[in-house]
Amino acid sequence: PAQIGVVGHSLGGWTSLATVDVEKSLRAVIALAPGGSSNPKPGILPVKLSFSWGRDVPTLYLVAENDVSLPLPGMYEIFDRTPATKQMVILHRADHLHFMDNVEQIHEIVRAMTFPDELAWLPKEMQPVSELCSEQQAHLFVRGLTLCHMDAVLKQQENAQKFWLGDVKAKLTMFGVDAILYNG
């Protein structure tokens, strides 16, 4: 029970954050481009986060610089409201779908789709995937930082803890991943 963490993307990211309100056994959270900002774009579910945690649950936000669905201002707002030890890392040249498998294919499928009126803006605002970071870079970003957070928090591994205390941007750059740490 001392080593339970949760990870979720988009509405799943919101679910991960909201679950901490009711599930007291959770000890670590990773929210990948989560929903829950107070001012969602048209057609995006207006889900709320109360952050009634009552305890410190170390939280890592992994978000995308060019997220059309859930833009950075909303990520900053959620991050700033989080009542816990927290970190946010922003993947440059990435969109909301960069947290999924087969991002290059799925991204272009979504760009070609026709959406209902309240979401018609979505594919029009998305950049071509050729202008964004690669699937390989996104996978290294998500898998590496997720594992490192869980190892640092749940397993108390010294190497993982040292990673977060060092120059995260420089370490990611060594692997060809362009990202920055947001400190609020």
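We count residues from 1, following the sequence as given.
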Are side-chain N/O atoms of Ser134 and Gln136 paired as donor and acceptor at under 3.5 Å?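 The answer is no; no qualifying pair exists.
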Flag for Tyr76-Ser37: side-chain donor and acceptor within less than 3.5 Å: no
Decide whether [X] and [Y] are clustered together by the hydrophobic rule: side chain heavy atoms of Ile, Leu, Val, Met, Phe, Trp, Tyr closer than 4.5 Å, transitively.
X: Val142; Y: Leu147; value: no
X: Leu165; Y: Met174; value: no
X: Ile4; Y: Leu60; value: no
X: Phe141; Y: Val168; value: yes
X: Leu45; Y: Leu17; value: yes

With Glu158, the side chain to side chain donor-acceptor pair (under 3.5 Å) member among Lys162, Lys155, Gln161: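 Considering Lys162, Lys155, Gln161, a side chain to side chain donor-acceptor pair (under 3.5 Å) with Glu158 is found only for Lys162.
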Tell me if the CZ atom of Phe175 is crowded by more than 12 foreign heavy atoms within 6.0 Å. no
Taking CG in Asp117 as the centre, count heavy atoms belonging to other residues, nucleotides or ligands within less than 6.0 Å. Is the count above 12?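 No, not enclosed.
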Using 30° and 60° as the class limits, which term best fits the ring planes of Tyr61 and Phe79: parallel, tilted or perpendicular?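 Geometry flag for Phe79 against Tyr61: perpendicular rings.
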Quick one: does [X]'s side chain have a donor or acceptor within less than 3.5 Å of a partner on [Y]'s backbone?
X: Asp67; Y: Ser69; result: yes
X: Asp21; Y: Ser52; result: yes
X: Asp167; Y: Ala170; result: yes
X: Trp53; Y: Ala84; result: no
X: His149; Y: Pro58; result: yes
X: Glu65; Y: Ala94; result: no
X: Thr59; Y: Val57; result: yes

Rounded to the nearest 0.5 Å, what's the gap from [atom1] on [X] to [atom2] on [Y]? Could you check?
X: Thr85; Y: Asp56; atom1: OG1; atom2: CG; value: 3.5 Å
X: His98; Y: Glu104; atom1: NE2; atom2: CD; value: 7.0 Å
X: Ile30; Y: Cys148; atom1: CD1; atom2: SG; value: 9.5 Å
X: Leu145; Y: Leu32; atom1: CG; atom2: CG; value: 10.0 Å
X: Leu26; Y: Leu154; atom1: CG; atom2: CG; value: 9.5 Å
X: Asn66; Y: His92; atom1: CG; atom2: NE2; value: 9.5 Å

Between [X] and [Y], which heavy-atom pair has the shortest distance, and what is it?
X: Asp101; Y: Ile106; value: O-CD1, 3.2 Å
X: Asp80; Y: Gly184; value: OD1-CA, 3.9 Å
X: Gln127; Y: Leu132; value: OE1-CD2, 3.0 Å
X: Ala28; Y: Met150; value: CB-SD, 4.0 Å
X: Ala179; Y: Leu172; value: CB-CD1, 3.8 Å
X: Ala120; Y: Pro123; value: O-CD, 3.5 Å

With a 4.5 Å heavy-atom cut-off, do [X] and [Y] have their side chains touching?
X: Val20; Y: Val29; value: yes
X: Thr19; Y: Val6; value: no
X: Asn159; Y: Phe163; value: no
X: Leu119; Y: Ile44; value: yes
X: Trp121; Y: Val68; value: yes
X: Arg27; Y: Arg55; value: yes
X: Arg111; Y: Val129; value: no
X: Ile90; Y: Met88; value: yes

Worked verdict on Ser10 versus Leu70 for side-chain contact (heavy atoms from CB on, under 4.5 Å): CA-CA 8 Å; Ser10 195; Leu70 300 171; 4.1 Å; yes
Walk me through it: do Arg143 and Thr146 pass the test side-chain contact (heavy atoms from CB on, under 4.5 Å)? CA-CA 5 Å; Arg143 288 185 279 182; Thr146 296; 5.9 Å; no
Check against side-chain contact (heavy atoms from CB on, under 4.5 Å), Leu62 and Phe99: CA-CA 9 Å; Leu62 299 179; Phe99 300 96; 4.0 Å; yes
Step by step, work out the salt bridge (charged side-chain N to carboxylate O under 4.0 Å, His left out) result for Lys41 and Glu118. CA-CA 9 Å; Lys41 293 180 85 170; Glu118 66 180 7; over 6 Å; no
Can you list the steps and then say if Cys133 with Leu91 is a side-chain contact (heavy atoms from CB on, under 4.5 Å)? CA-CA 9 Å; Cys133 74; Leu91 181 59; 3.8 Å; yes
His9/His96 aromatic ring centres below 6.0 Å: yes
